[in-house]
Amino acid sequence: MAPVNVTVTGAAGQIGYALLFRIASGALLGPDTKVNLRLLEIPQAVKAAEGTAMELDDCAFPLLSGIEVTDDAKKAFDGANVALLVGARPRTKGMERGDLLEANGGIFKPQGEAINAGAASDVKVLVVGNPANTNALIAQQHAPDVPAGRFTAMTRLDHNRALSQLAAKLGVGVADIKKLTIWGNHSATQYPDIFHAEVSGKNAAEAVNDEAWLADTFIPTVAKRGAAIIEARGASSAASAANAAIDHIHDWVLGTPAGDWTSMAVPSDGSYGVPEGIISSFPVTCANGEYTIVQGLEVNEFSRARIDASVAELVEERDAVKGLGLI
Ligand code: NAI
């Protein structure tokens with residue numbers, strides 16, 4: 001089988017450093033699939049990315065067929081089967097939201113165009129760089145020849161954080177919990193939903209039986225976990241974010257386990273009242289390289305209000321990038 005071309009942007013960043021070695025070791029696509037890595041960086045960071053490439057060589061990973069480092073998006077995405085868009089412009093002090101969206105438009109518009117121009121016909125795109133959902137929308141809108149559903153954004157870190165918090169509360173292992181969902185935006189408005197989750201086969205919300213804990217502890221702890229990591233570590237989540245990116249693509253390509261689902265931000269088809277086209281997190285199952293939004297879940301009042309609030313934020317972000325002429 002020909003090696004799979006995996007393009008990673010922001011390769012010299014901290015998530016890049018935690019991500020590349022795991023991709024090359026086989027964690028992304030399994031032990032039978034060889035990969036070619038394409039590392040995209042800005043010119044000032046190409047040298048650092050080359051240093052990481054030297055270390056990748058030094059690991060002598062049997063599955064790593066080649067590494068190319070470039071600052072040219074066209075080259076980086078040419079023939080890409082998997083594209084991990086990690087590099088983004090972070091919010092700096094005094095930066096307004098409009099400035100942030102505009103700066104990211106300057107990154108994700110040309111990357112969308114480069115994906116459109118040269119990526120493989122089966123390309124799968126995961127946007128990690130924040131604001132991830134809206135950056136994914138910008139890239140998607142500049143890749144009209146790529147099926148819109150191939151552009152996704154990462155809420156898997158939020159999903160994994162929620163699993164870990166819930167497992168700790170119930171005194172069980174994370175593997176005992178199934179069918180947890182993150183809805184909405186990868187932001188403080190995201191909604192981690194346990195009403196359909198199962199713990200060792202029983203309903204998780206019933207097992208918790210404490211709505212105050214859900215509203216006042218669980219949801220804010222998951223939503224603000226990124227800030228808590230920065231406070232403790234003095235740097236933002238990197239290894240856990242890289243791990244979540246691996247999980248997202250791994251499950252998309254190789255499938256979700258029977259009897260479970262995961263969370264991915266994908267273009268809405270109007271399910272659950274989420275306006276069509278918005279890239280919002282949903283419960284999804286994956287099989288044969290395709291994801292499907294889980295249908296027919298009952299959404300109670302507690303969940304409805306929170307999903308609506310997060311989706312409203314995504315609509316606002318979409319309207320803002322439209323207003324800026326970015327889509
Ligand atoms: P970092 O600042 O360490 O690295 C970012 C890298 O991207 C830098 O090396 C920079 O040179 C590069 N870059 C900037 N513009 C680029 C462009 N146009 N093309 C290619 N590379 C470019 O940041 P870190 O910690 O690696 O985080 C990356 C992004 O991931 C941030 O936007 C962060 O907010 C986001 N993030 C998202 C999470 C999620 O759950 N969706 C979780 C954690 C982080």
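Residue indices begin at 1 and follow the sequence shown. All heavy atoms count here, side chains included; hydrogens, waters and symmetry mates do not. Both counts, for ligands and for their atoms, begin at 1 and track the order of listing.
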Peer 1: For atom 1 (P) of ligand 1, tell me which residue out of A132, P131, G13 has the closest non-hydrogen atom.
Peer 2: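 Looking at heavy atoms only, the winner is G13.
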Peer 1: Any idea which atoms of ligand 1 are less than 4.0 Å away from a heavy-atom of A88?
Peer 2: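 Near A88, meaning under 4.0 Å from one of its heavy atoms, ligand 1 has 32 (O).
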Peer 1: Would you mind telling me if ligand 1 is within reach of the side chain of H186, the backbone, both or neither, using heavy atoms under 4.0 Å?
Peer 2: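 Looking at H186 and ligand 1, just side chain atoms fall under 4.0 Å.
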Peer 1: Can you confirm whether more than 12 heavy atoms, excluding those of E290, are under 6.0 Å from its CD atom?
Peer 2: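 Not more than 12 within 6.0 Å, no.
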Peer 1: So, is the end of the R304 side chain (NZ or CZ) under 6.0 Å from the ring centre of F302 and within 45° of the ring's axis?
Peer 2: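 Not satisfied by the 6.0 Å and 45° rule.
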Peer 1: Below a 4.0 angstrom heavy-atom separation, can you tell me which part of Q111, side chain or backbone, both or neither, approaches ligand 1?
Peer 2: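 Side chain only; the backbone of Q111 stays clear of ligand 1.
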Peer 1: Give the residue and atom name of whichever protein heavy atom lies nearest to atom 3 (O) of ligand 1, and the separation in Å to one decimal.
Peer 2: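 The closest heavy atom on the protein side is Q14 N, 2.9 Å.
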Peer 1: May I ask you to check whether I15 has an N/O atom sitting below 3.5 Å from an N/O atom of ligand 1?
Peer 2: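 Right, the criterion is met.
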Peer 1: Do E313 and S187 meet the criterion of a side-chain donor-acceptor pair at a distance under 3.5 Å?
Peer 2: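 Per modelled atom types, E313 and S187 side chains form a pair under 3.5 Å.
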Peer 1: Quiz question: by atom type and distance under 3.5 Å, do the side chains of R161 and S237 form a donor-acceptor pair?
Peer 2: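 Result is yes, a qualifying pair exists.
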Peer 1: Should the ring pair Y272 and F282 be called parallel, tilted or perpendicular, given that the plane angle runs from 0 to 90° and is split at 30 and 60?
Peer 2: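 Tilted: the ring planes of Y272 and F282 meet at 30° to 60°.
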Peer 1: Considering only heavy atoms, which of P43, G10, A235 lies nearest to atom 6 (C) of ligand 1?
Peer 2: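 Result: the heavy atom closest to atom 6 (C) of ligand 1 is in G10.
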Peer 1: Before giving the answer on side chain to side chain donor-acceptor pair (under 3.5 Å), spell out for W183 and S310 the whole-Å C-alpha distance, their side-chain angles and the decisive distance to 0.1 Å.
Peer 2: CA-CA 8 Å; W183 298 91; S310 195; over 6 Å; no
Peer 1: Please indicate whether M54 has more than 12 foreign heavy atoms, meaning atoms of other residues, nucleotides or ligands, lying under 6.0 Å from its CE.
Peer 2: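 At most 12 heavy atoms, drawn from other residues, nucleotides or ligands, come within 6.0 Å of this atom.
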Peer 1: Is atom CD of E298 surrounded by more than 12 heavy atoms (other residues, nucleotides or ligands) closer than 6.0 Å?
Peer 2: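 Counting neighbours around CD of E298, 12 or fewer heavy atoms of other residues, nucleotides or ligands fall under 6.0 Å, so no.
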Peer 1: Nearest protein heavy-atom contact for atom 33 (C) of ligand 1: which residue, which atom, what distance?
Peer 2: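 Ranked first by proximity to atom 33 (C) of ligand 1 is N130 ND2, 3.7 Å.
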Peer 1: Which residue and atom name correspond to the protein heavy atom nearest atom 43 (C) of ligand 1, and how close is it?
Peer 2: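 Here the closest protein heavy atom is A241 CB, 3.6 Å.
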Peer 1: When you measure from the centre of the six-membered ring of W213, is the NZ or CZ of K169 under 6.0 Å away and within 45° of the axis?
Peer 2: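 Judged by the rule, K169 and W213 form a cation-pi pair.
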Peer 1: How close does the nearest protein non-hydrogen atom get to atom 20 (C) of ligand 1, and which residue and atom is it?
Peer 2: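 In this structure, atom 20 (C) of ligand 1 has L40 O, 3.6 Å as its nearest protein heavy atom.
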Peer 1: Could you name the option among E41, Q44, R225 that has the heavy atom nearest to atom 10 (C) of ligand 1?
Peer 2: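 Ranked by closest heavy atom to atom 10 (C) of ligand 1, first place is E41.
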Peer 1: Could you tell me whether V128 approaches ligand 1 through its side chain, its backbone, both or neither, with non-hydrogen atoms closer than 4.0 Å?
Peer 2: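 Both backbone and side chain.
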Peer 1: Which of these passes side-chain hydrogen bond (donor to acceptor under 3.5 Å, both in side chains) with H248: N243, T152, T155?
Peer 2: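 Exactly one option meets the side-chain hydrogen bond (donor to acceptor under 3.5 Å, both in side chains) with H248, and it is T152.
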Peer 1: Please report which non-hydrogen protein atom sits nearest to atom 18 (N) of ligand 1, along with the residue it belongs to and the distance in Å to one decimal place.
Peer 2: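 Of every protein heavy atom, I107 CG2, 3.5 Å lies nearest to atom 18 (N) of ligand 1.
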Peer 1: Nearest to atom 22 (C) of ligand 1 by heavy atom, I42, T70, I229: which?
Peer 2: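 Result: the heavy atom closest to atom 22 (C) of ligand 1 is in I42.
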Peer 1: Can you find a non-hydrogen atom of P90 under 4.0 Å from ligand 1?
Peer 2: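 No, that is not the case, since the closest heavy atom of the residue is not under 4.0 Å from the ligand.
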Peer 1: Specify the protein heavy atom at minimum distance from atom 29 (C) of ligand 1: its residue, its atom name, and the distance to 0.1 Å.
Peer 2: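 Answer for atom 29 (C) of ligand 1: V86 O, 3.2 Å.
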Peer 1: For ligand 1, note which part of A11 has a heavy atom under 4.0 Å away: side chain, backbone, both or neither.
Peer 2: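 Neither; nothing of A11 gets under 4.0 Å from ligand 1.
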Peer 1: Counting only heavy atoms not in K178, do more than 12 fall under 6.0 Å of its NZ?
Peer 2: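 More than 12 within 6.0 Å, yes.
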Peer 1: By number and element, which atoms of ligand 1 are closer than 4.0 Å to a non-hydrogen atom of A12?
Peer 2: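 Near A12, the atoms of ligand 1 are 9 (O).
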Peer 1: State plainly whether the residues E113 and K109 are in salt-bridge range, i.e. N to O under 4.0 Å.
Peer 2: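 Here E113 pairs with K109 in a salt bridge, since their nearest N and O are under 4.0 Å apart.
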Peer 1: List every atom of ligand 1 that sits less than 4.0 Å from any heavy atom of S236, numbering the atoms from 1 in the order shown and giving each element.
Peer 2: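 That gives atoms 25 (O) of ligand 1.
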Peer 1: Has A238 got any heavy atom lying under 4.0 angstrom from an atom of ligand 1?
Peer 2: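 It does not; every heavy atom stays at 4.0 Å or beyond.
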